[in-house]
Every structure is written in C-alpha cells, then in structure tokens.
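Could you have a look at this structure, given as structure tokens, before my questions?
Excluded from the calculations below are hydrogen atoms, water molecules and symmetry mates; all remaining heavy atoms, backbone and side chain alike, are included. Everything numeric here is computed off the predicted structure, so don't read it as measured data. In what follows, every chain begins at residue 1, and chains take the letters A, B, ... in the order their sequences are listed.
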Amino acid sequence: MSENITLTLPDGKALEVPVGATVKQAAAKIGPRLAEAAIAGKLDGSFVDIRMPLSTSGKFEVVTMKSPDANDVCRHSMAHIMAEAVLKLFPEAQFGIGPSIENGFYYDFLLSRSLTPEDLEKIEKEMQASIAAKQEFTREELDKSAARKLFGDLKQSFKLELIDEIPDQKVSVFRHGGFVDLCRGPHVPNTGAVKFFKLLTIAGAYWRGDEKRPMLQRIYGTAFATKEELDKHLAMLEEAKKRDHRKLGKELDLFSIHEEVGPGLVFWHPKGARIRNAAEMFWKDQHYKNGYELIYTPHIGRSWLWETSGHLGFYRDSMYSPMLIDDQEYFIKPMNCPFHIMIYKTQMRSYRDLPLRWAEMGTVYRYEKSGVLHGLMRVRGFTQDDAHIICTPDQIEDEVREVIRFSLFILKSFGFEEFKAYLATRPEKAVGEPARWEQALAALKRAVDQEGLVCEVDEGGGAFYGPKIDLKIKDALGREWQMTTIQFDFNLPERFDMTYIGADGGHHRPYMVHRALMGSVERFLGVLLEYHGGNLPLWLCPVQVAVLPISDKHLEYGKKIEQALRTRGIRTFLDTRSDKINYKIRSAQLQKIPFMAVLGDAEANANTITIRKRTGENLTGIDLDAFVTSQEWKKA
RNA sequence: GCCGGCGUAGCUCAGUGGUAGAGCAACUGAUUCGUAAUCAGUAGGUCGUAGGUUCAAAUCCUAUCGCCGGCUCCA
C-alpha cells in the first residue's frame, strides 16, 4: 500500500511524498543540494529529525545551516557531543538532561568527583576529536520496555525516570560514537556538521530543578552555526563583563556593600547618591504631575499589622525576626502596603474620593537566601518606588492603563527603549473568586494591548492575592530586566475590611492595585548603569562638566568657570592637580563625565570655553551660556 | 539554603612550606605642559577570621564569614 501525504512548502507549493518518507527523502525530492544541506525538518512548526519517517500532511520546511532554527539544532547536537566526551573521560557518569538553550546548551551529569576548569579543556579536546571524526547520528525507535532495558543496562537511572514519564509507547534514542541518549531529536546528520562552540562554566543544578533531589554538575557551553555568530556572542559576553554594575560602581565610586555591616545592604556614596537623587526627584515631580499624592510611613510595625495583612502567615520565612519594644513584637517592614491601608482607614471614604493614588519611596527589608544576593540587583534592604491605587471596580481598567502609560513614560525618560509585558495568571494557591481573577486578567490584558506592548502569558505566575503585569526592558546585549510590576490585590482590602460608601449609600469593597515602576530603586540603578555602560544621560550624571585647566596658570580662570557652571545648577568638578592635560582628560574620560571644559590661554583671553565631549568630539572656543543652552547640552 | 570556585596594600593582580611583591591610586618634591597616563621619592598588608598540623604556614587541614558562577527562591 503506497499512500501519499502532502507537504506544503514555505513557498506554498505542495509536495507529495509517500507515507514513511523521511525528511531527507522529502528534501531530496526538492533538490539534491537541499538534501545534502538538510540538518532537520519542521512539520507544522515542530522539529522533526531528518531520519524520521513522516506520516502526516502539513506545513513543511527543511532546516539547513542557513536557517534561523539551525542554532537550535546545532546546540542540541553539541550537548550530545559534550556528553559523549564526558562519558569517555568519566565512564561512570550518569546523565541528566542536556537541552539547547538561548545562545548555547548545557548537560547535567552525576560524577564521582567535582569538575575543574582543566576538565573543561579536556572535554573540549574530546569534542573536537568527535567533530573531526564526523560520526553519524543515528535514530532508533524503541518500545519503552526495550528502552528501559537499554538504559537499565547502562545504569542510567535518570534516563529510566524520564522514560517513565513519557506517555507514548515508543521512544526514540540517538546514537553517535559510543554514546546513546534518550532524545526526541532532531540532530544534525553527523558530528562534523557543528564546529563552532566553547564550553563556558561549571555549575551545580538540582536534578529536575528540585532542591530536595541530588545536585548534579552542569556544564554550560555556547555554540553557533557560524564562526561569526560565535565570535560575536563571545565578544558580547566580554562587553557584559565590562558593563557589570558592580565593577562600574567601584570604578565610578557610586556605592559599596560591607561584609562588616551585612551582605545585601547598600551604601550610596556621594556620586551614587547624586544619581539616585536625580532619579528620585524626577520621579516625585512626575508623580505629583500624574495625579498621585506622596506619603511617608514608618519602617516597623506591630505584629497585629502583619498578622492582619497575612504576611506573617505567608512570608514569615523572608521577614526578619521581631524586636521587642515594651513587651510588644514589632517587625521591620517587608512591604509598604499595610501602612498605606492604615492611612486609608483613618476616614470614611466616599466613591467620590476614588481613585486614590498614594506613592512612597518605601525602604523595605526582606531576608533573601545568601546564595541569591547579587550587587544591587538582589539585596536585603531596598527601596520600592511603591504606590497603591484604591478605586472602584469600574475605574480599575482605566487606572491600569494609565499606570502602564505612566510607567512607559518614566522608563523611556531614563533611556530605555524596548519593552515586553508578562501577564501572570492565577496560581494553584490563591485567594479571591476565580470570576474576579478572570475579570482582572481581562482588564490587564486589554490595557497591555491598548499600549501596543508585546505580551507573554506566565501561566500560574501570579501572586496568591492577585494577577499581575510585569514590564521588562531589553538591553543592548539582549538581556531582559524586570522593572515595573502592577499587581491586583484581592486579599488586603478584604483582610483590612476596607470600604467606601457608594452612590447607593451602602458600603462597598474597593479594588486595590500595587505598582512599582522602577521596582526596586537599587536594582533599577544597577540596570541603568549596565544599560548605559556607565555613560549615563546628562541629567543623571554625578559630574556633568569636568573643568580642566591646561596648567596651574589657568587655575584662576578654571575656578571662575566652575563657579559660573555651579550657579547655573550644573554639577562640576575642577581638576586642580598639576598634571598634564592628557592626564586630566584621561581621568575625566574614565569617570565617564559627559563634558570636559578645557581651559588654556586661548579660552582665558577670549572668555570662552573649549568643550571636549566624552565621545571625543571638540567644540572649540565657545561661550559658556551659549553652550549650556545649546542642543549639544540638551541632547546629552 | 544547595553545588563548585575564590578571598594577599584603596584598586587590579603575582607569590603552592623557609621571616610579604608589582602596577595604578595616595602622599612629598620637581615639572607648568593644548585633547586618553611627566619624572623622582615616601608611605601603605598580623595574606578574610578562628583554630589545628609543622622547627617553620599567605601556601597544608578544619570551622566560620564574605564574594563569584549556577541551582532553588524572589510576596
């Protein structure tokens, strides 16, 4: 019996092939060169191995090294090649999983000893040998029982566990060299098809991501279909290192963290404080302009507050131990919301008062596990640019849309350009009726759509008390950073019995939204530093103009210029050292100061300044006032 | 919290059992200079901390604190 299936090619043409034809055979029907170049196929958007018999019609595509999907296939094959190398060096190795990931791949192993960087070199060598040998990848379909026997004989207990979880009766395995792996595929034709890789790091990883299960050793690598892409990626990793906010924080004297004081507690030095203050002033000003009121609340509160809010029930583990004051337990705040609610409850509120938008730069303290602390990005004491919007149910959608708009405005003001929204839905454990969740989610979704944001849904990722939208920014290196979070709260209004009097004269439950636009000010500034590589926009720079006299002769004139700038509200630094101008320029340049005023005889005589921008560009002999009102100044 | 690595001068780092080193920064002096490092000198460290092994420890062992890379977590 020779039935045919119809493959619809990307150009719309239909290709008839017999049932059971492989991707390779289908490609051969299009052209022999294509068959030769094929590394995988795609049927209705899913990868299929080139050796796999096709049995259903659908949209079909041949993946070659030039396809956008090539990297994905290569990386997966590379993970197998790495596993083969590890097997050679560690015959007793137990294999976990080894997927392709963004920019690379990894594989998890259980080994008799810890890996060292030297091991990585050895493994790389073995991999190169395997690639040079151009070993065929072969695909085989086995009954589960046969697969169990195969991996049982190899003493691969992790694989046995994986087999048990596969619902199908048949599983596929791929072999190359002496290595065999349970795997869906697809794989490149032979190990010679992939060449451009580098092993990067060794890390610990729990089996199946479960902290109760064994810790395996994970090797991360990167791989690309072409050398150019690999080199570009490696260069990007270098660049990311240079932009590390912890490095910049030290070099630019912005902040520090002290072992003697405690990990995750940030000290802002004068220059860092200048940046933070500029950001906060802007933030406050914009909040008043956008219909918010600013409030201040305490840092600690009695246990009553945290019992009522539910924090002690849900998050006690990440709250600091109570302190006893007059025999009463007080806790340092991990969130600001209960305090804001206390203000709400000081009065009877009318529907005419709503919406209320109350904002606070509220510093909170949370116990974060020691292993997760990271520079400014993850700390134990941080300031949220928090606000709570308390409104009626029919105001909620407009309010959310307005928050998103406001957030994008604020983020764009700091230079961020690319945004993505993540919509988090109801988790398993949650409060609030499902109907209200649905309603809130729909409102969030419509608001995101109206702002034209790309949105991804994070199923079950919401907080227990309500759904949320997170806005992330994408930086020049393609990394994503979480900034804004907008969260519905079905919990607190209930727990604190918040009410307002409606038009009908009855008591009603208000809706409440938590939102932080920057998220944590500390992390925000960390991201900002990395995003701009330390070259902050002018309005945030701790020093905007470095005044550099050519020699001590010009010090007097330098002082005059410095003062003139300062009285115009410009942040300056006068370099009084008796070094050469080259040295002063280099030093200002390393401090990433946007403008340098270079002053010598020419300038002093003509009562002008010469500006050197941090880009290296010069504006010779210009008037000071003309400069600070110029486009050059405003654009920086 | 878990796995692995690391911790030497303000910073970046060298020093694998025999009484602590470099460059930069700092300080002093000289130099007064036109677009990314002028020269010379001075000072600075109980080698994260606490135990232990040894005639002898920055170096080896144990514990502890912190940092780095991941994992887990992130209201």
Kindly write out the residues that satisfy salt bridge (charged side-chain N to carboxylate O under 4.0 Å, His left out) with A/Arg357, not counting sequence neighbours, or none if the list is empty.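 With sequence neighbours excluded, A/Arg357 shows a salt bridge (charged side-chain N to carboxylate O under 4.0 Å, His left out) to A/Glu399, given in chain and number order.
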Does any residue of residues 201-221 of chain A have a heavy atom under 4.0 Å from RNA chain B, and if so, which ones, in number order?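 Contacts with RNA chain B under 4.0 Å: A/Thr201, A/Ala203, A/Gly204, A/Ala205, A/Tyr206, A/Gly209, A/Glu211, A/Met215, A/Arg218, A/Tyr220.
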Could you identify the nucleotide paired to B/A50, looking across every strand shown and requiring Watson-Crick or G-U wobble geometry with both distances under 3.5 Å?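 Per the H-bond distance test, B/U62.
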Any salt bridge linking A/Lys472 with A/Glu456? Criterion: basic side-chain nitrogen under 4.0 Å from a carboxylate oxygen.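 A/Glu456 and A/Lys472: not salt-bridged.
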Who passes side chain to side chain contact (heavy atoms under 4.5 Å, CB included) against A/Arg426, sequence neighbours left out?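 With neighbours one apart ignored, the set is A/Ala430, A/Pro434, A/Trp437.
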Going by number, which of residues 307-321 of chain A have a non-hydrogen atom under 4.0 Å from RNA chain B?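 Within this stretch, A/His311, A/Tyr315, A/Ser318 sit under 4.0 Å of the strand.
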Looking only at heavy atoms, which two atoms of A/His299 and A/Thr363 are closest? And how far apart?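 Shortest heavy-atom separation between A/His299 and A/Thr363 comes out as CD2-O, 3.9 Å.
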Between which nucleotides of RNA chain B, 5' to 3', does chain A make heavy-atom contacts below 4.0 Å?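 Using the under 4.0 Å cut-off, the span is B/G1 to B/A75.
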Please list all pairs meeting salt bridge (charged side-chain N to carboxylate O under 4.0 Å, His left out) that have one or both residues in residues 571-583 of chain A, counting only residues at least two apart or in different chains.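 Matches after skipping sequence neighbours: A/Asp575-A/Arg577.
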Thinking salt bridges, do A/Arg515 and A/Asp386 make one under a 4.0 Å N-O criterion?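 Result for this pair is no, no salt bridge flagged.
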Output yes when A/Asp470 and A/Lys468 qualify as a salt bridge under the 4.0 Å nitrogen-oxygen rule, no when they do not.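 Answer for the salt bridge query: yes.
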Counting only Watson-Crick or G-U wobble pairs whose two distances fall under 3.5 Å, which nucleotide matches B/A40?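 Pairing partner, where one exists within any strand: B/U28.
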Mind checking if A/Ser587 touches a base, just sugar-phosphate, or nothing, with heavy atoms under 4.0 Å?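 If one applies the 4.0 Å heavy-atom cut-off, A/Ser587 turns out to touch nothing in the nucleic acid.
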